[in-house]
Amino acid sequence: MMKIATRMRPMVGPAVILLLTAAAACSTEPPPAEVPNASFEAPDPERATERPADWRPYRWRGRGEMEYAEGGHTGARSVTIASSEGGDLSWGAVVPVRPFSRYRLSGWIRTEDLTATTGQGALLNLHGMEGARSEALTGTNDWTLVSFEFDTGANDAVQVNCLFGGWGQATGRAWYDDISLELLATREPNPDVTIDAAATGEPISVYIYGQFIEHLGRCIYGGIWAEMLEDRKFFYAPGTEDSPWRPLGDSALLTMDTRAPYVGVQTPVLGPAPEGKTAGLVQAGLGLVAGKSYEGRIVLRGEVGAA
């Protein structure tokens, strides 16, 4: 039982609303935990040859190929990730879970000539949950079962990643199949709040106020945020799905420098452009206002003789 005594002006309304809200939250039955399309047999309705339904590719850094592959541990399909230059990538799916519960996440992984250059290897993990990861595989392995247990805390959903690289990059190839999530234990929280409305404090100044705001659409970025450009340090490679930047002109003249980047793990390199060719980057959708002045800056480096 949790009891809270607050110092506030006597009022009944907020206390009643708080208690009703807590009761309603406790009565909601959390959804069951089931990995969607766990064996990757169902293709995406709009991209049947590119990805399985309910899963999407994530490119965290580096380069690699992500394919919806034929053949698997069981069934006819699986997903695969490969990189020759080094990549940190994953196939991910969001799974509803029960809060305050313990689960076991399992899956089958096959690897071929997989080298963990700066990362871990091939593994399963939960995005954003510290320590929620399986043992990483490297080298060449036939289908191998990996698993780990984790606690959900207050989370009602988790993102499951079939991860390649992981906190760094890897080379080689890995296949993933038959992902499962098993509920091991759960508990139902029973919160109880008591508010002492008779205890009052000092009067609150009329000049103290609050405002609620969320990152919805372009409310912040592209809205009240002064910086108008997204991904200014090129965390995502231009031209990839998550990047706001697109190549301008001949895309073959754009490469990413991962050996000596200016900042982060990669820096775009343009050119050299033959006569009649253009190499550049463009970011569209900026909301400019007529009559206002704007200030921009860019850091450039060029080879000797660059115009």
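In what follows, residues are counted from 1 in the order of the sequence shown.
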> CD/Gln159 to NE2/His127 distance, rounded to the nearest 0.5 angstrom?
Replying inline: 5.5 Å
> Roughly how far, to the nearest 0.5 Å, is the CG atom of Leu105 from the CZ atom of Phe150?
Replying inline: 6.0 Å
> Where do Gly92 and Asn161 come nearest, in terms of heavy atoms and distance?
Replying inline: CA-OD1, 3.6 Å
> When clusters are formed by joining ILVMFWY residues with side-chain heavy atoms under 4.5 Å apart, either directly or through shared neighbours, do Met129 and Trp91 land in the same one?
Replying inline: yes
>> Could you check whether any side-chain N or O of Gln283 sits under 3.5 Å from a backbone N or O of Glu230, counting only pairs where one atom can act as donor and the other as acceptor?
In response: yes
> So how far is it from Arg246 CZ to Leu281 CG, rounded to the nearest 0.5 Å?
Replying inline: 11.0 Å
> Of the non-hydrogen atoms in Arg63 and Leu254, which two are nearest, and what is the gap between them?
Replying inline: NH2-O, 4.5 Å
> Linking I/L/V/M/F/W/Y whenever any side-chain heavy atoms sit under 4.5 Å apart, do Leu216 and Ile213 land together?
Replying inline: no
> Any side-chain heavy atom of Asp156 within less than 4.5 Å of one from Pro96?
Replying inline: no
> When you measure from the side chain of Asp44 to the backbone N and O of Ala48, does any donor-acceptor pair fall under 3.5 Å?
Replying inline: no
>> Give me the atom names and distance for the closest heavy-atom approach of Phe148 to Ala132.
In response: CE1-C, 3.5 Å
> At their closest point, which heavy atom of Tyr68 faces which heavy atom of Pro52, and how far apart are they?
Replying inline: CE1-CB, 3.7 Å
> Is Glu227 reaching over with its side chain to a backbone N or O of Leu229, donor-acceptor style, under 3.5 angstrom?
Replying inline: yes
> Any idea which heavy atoms bring Ser78 and Tyr176 closest together, and the distance?
Replying inline: CB-O, 3.3 Å
> Got a salt bridge between Arg102 and Glu149, using NZ or NE/NH1/NH2 to carboxylate O under 4.0 Å?
Replying inline: yes
> Side-chain donor-acceptor pair under 3.5 Å between Glu188 and Asn190, yes or no?
Replying inline: no
> Between Cys162 and Ser90, is a side-chain contact (heavy atoms from CB on, under 4.5 Å) present by the stated rule, with each step listed?
Replying inline: CA-CA 5 Å; Cys162 298; Ser90 69; 5.7 Å; no
> What's the verdict on side-chain contact (heavy atoms from CB on, under 4.5 Å) for Val95 and Leu181, showing C-alpha distance, side-chain angles and the deciding distance?
Replying inline: CA-CA 9 Å; Val95 184; Leu181 193 59; 3.9 Å; yes
>> Please tell me whether Val146 and Leu163 are part of a single hydrophobic cluster in this structure, the criterion being side-chain heavy atoms less than 4.5 Å apart.
In response: no
> Considering residues at least two apart in sequence or located in another chain, which fulfil the ring-ring contact (aromatic ring centres under 6.0 Å, His included) criterion with Trp175?
Replying inline: none
> Do you see a donor-acceptor pair shorter than 3.5 Å between the side chains of Arg173 and Thr80?
Replying inline: yes
> Does Arg59 make a cation-pi contact with Tyr236, if we ask for NZ or CZ under 6.0 Å from the ring centre and within 45° of the axis?
Replying inline: no
> To the nearest 0.5 Å, what is the distance between CG (Leu123) and CZ (Arg133)?
Replying inline: 7.5 Å
> Ser101 and side-chain hydrogen bond (donor to acceptor under 3.5 Å, both in side chains): which partner among Asp151, Thr186, Thr152?
Replying inline: Thr186
> Side chain of Ser39, backbone of Glu41: donor and acceptor closer than 3.5 Å?
Replying inline: no
>> Could you walk me through whether Gln266 and Arg61 satisfy the side-chain contact (heavy atoms from CB on, under 4.5 Å) test, starting with their C-alpha distance in whole Å, then the side-chain angles of each, then the deciding distance to 0.1 Å, before giving a yes or no?
In response: CA-CA 8 Å; Gln266 59 187 7; Arg61 66 184 67 185; 5.7 Å; no
> What residues form a ring-ring contact (aromatic ring centres under 6.0 Å, His included) with Tyr58, not counting sequence neighbours?
Replying inline: Trp60
>> Among residues at least two apart in sequence or on other chains, which ones pass ring-ring contact (aromatic ring centres under 6.0 Å, His included) with Trp55?
In response: Phe40
> Sub-3.5 Å donor-acceptor pair from the side chain of Ser243 to the main-chain atoms of Thr240, do we have one?
Replying inline: no
> Given the rule that I, L, V, M, F, W and Y join up when any side-chain heavy atoms are under 4.5 Å apart, are Met66 and Leu137 in one cluster?
Replying inline: yes
>> So, using ring-ring contact (aromatic ring centres under 6.0 Å, His included) as the criterion, who are the partners of Phe234 when residues are at least two apart?
In response: Trp245
> Would you say the side-chain atoms of Arg77 pair up with the backbone N or O of Thr74, donor to acceptor, closer than 3.5 Å?
Replying inline: no
> Looking only at side chains, do Thr111 and Asn141 share a donor and an acceptor under 3.5 Å apart?
Replying inline: yes
>> Less than 4.0 angstrom from a charged side-chain N to a carboxylate O is my criterion; do Glu241 and Arg51 meet it?
In response: yes
> Between Val193 and Ile195, is any pair of side-chain heavy atoms under 4.5 Å apart?
Replying inline: yes
> Is Glu70 atom CD crowded by more than 12 heavy atoms from other residues, nucleotides or ligands, each under 6.0 Å away?
Replying inline: no
> For His73 and Arg110, what are the C-alpha separation, side-chain angles and deciding distance, and is it a side-chain contact (heavy atoms from CB on, under 4.5 Å)?
Replying inline: CA-CA 9 Å; His73 174 250; Arg110 180 164 73 94; over 6 Å; no
>> Test of understanding: clusters of I, L, V, M, F, W, Y form through side-chain heavy atoms closer than 4.5 Å, transitively. Do Ile179 and Trp108 belong to the same one?
In response: no
> Val269 versus Asp257: any side-chain heavy-atom pair under 4.5 Å?
Replying inline: yes
> Roughly how far apart are Leu183 CG and Tyr103 OH, rounded to 0.5 Å?
Replying inline: 4.5 Å
>> Holding to side chain to side chain contact (heavy atoms under 4.5 Å, CB included), I want the full list of residues that pass it with Met228, two or more places apart in sequence or in another chain.
In response: Leu286, Leu288, Tyr294
>> Taking Ala136's backbone N and O only, do any of them form a donor-acceptor pair with Thr138's side chain (distance below 3.5 Å, no angle check)?
In response: no
> So do Leu253 and Pro274 actually touch side chain to side chain, heavy atoms under 4.5 Å?
Replying inline: yes
> Any salt bridge between Arg56 and Asp242, counting N to O under 4.0 Å?
Replying inline: yes
> Glu50: what forms a side-chain hydrogen bond (donor to acceptor under 3.5 Å, both in side chains) with it, not counting sequence neighbours?
Replying inline: none
>> Main chain of Thr171, side chain of Thr115: is a donor-acceptor contact present, judged purely on distance under 3.5 Å?
In response: no
> Side chain of Asn37, backbone of Ala42: donor and acceptor closer than 3.5 Å?
Replying inline: yes
>> Around atom CH2 of Trp225, are there more than 12 heavy atoms from other residues, nucleotides or ligands closer than 6.0 Å?
In response: no
>> So, taking the atom named CZ in Arg98 and the one named CG in Asn155, what distance separates them when rounded to the nearest 0.5 Å?
In response: 15.5 Å
> Which heavy-atom pair separates Thr117 from Gln169 by the least distance, and what is that distance?
Replying inline: OG1-O, 2.8 Å
> For Gly172, does its backbone N or O pair with a side-chain atom of Asp113 as donor and acceptor, under 3.5 Å?
Replying inline: no
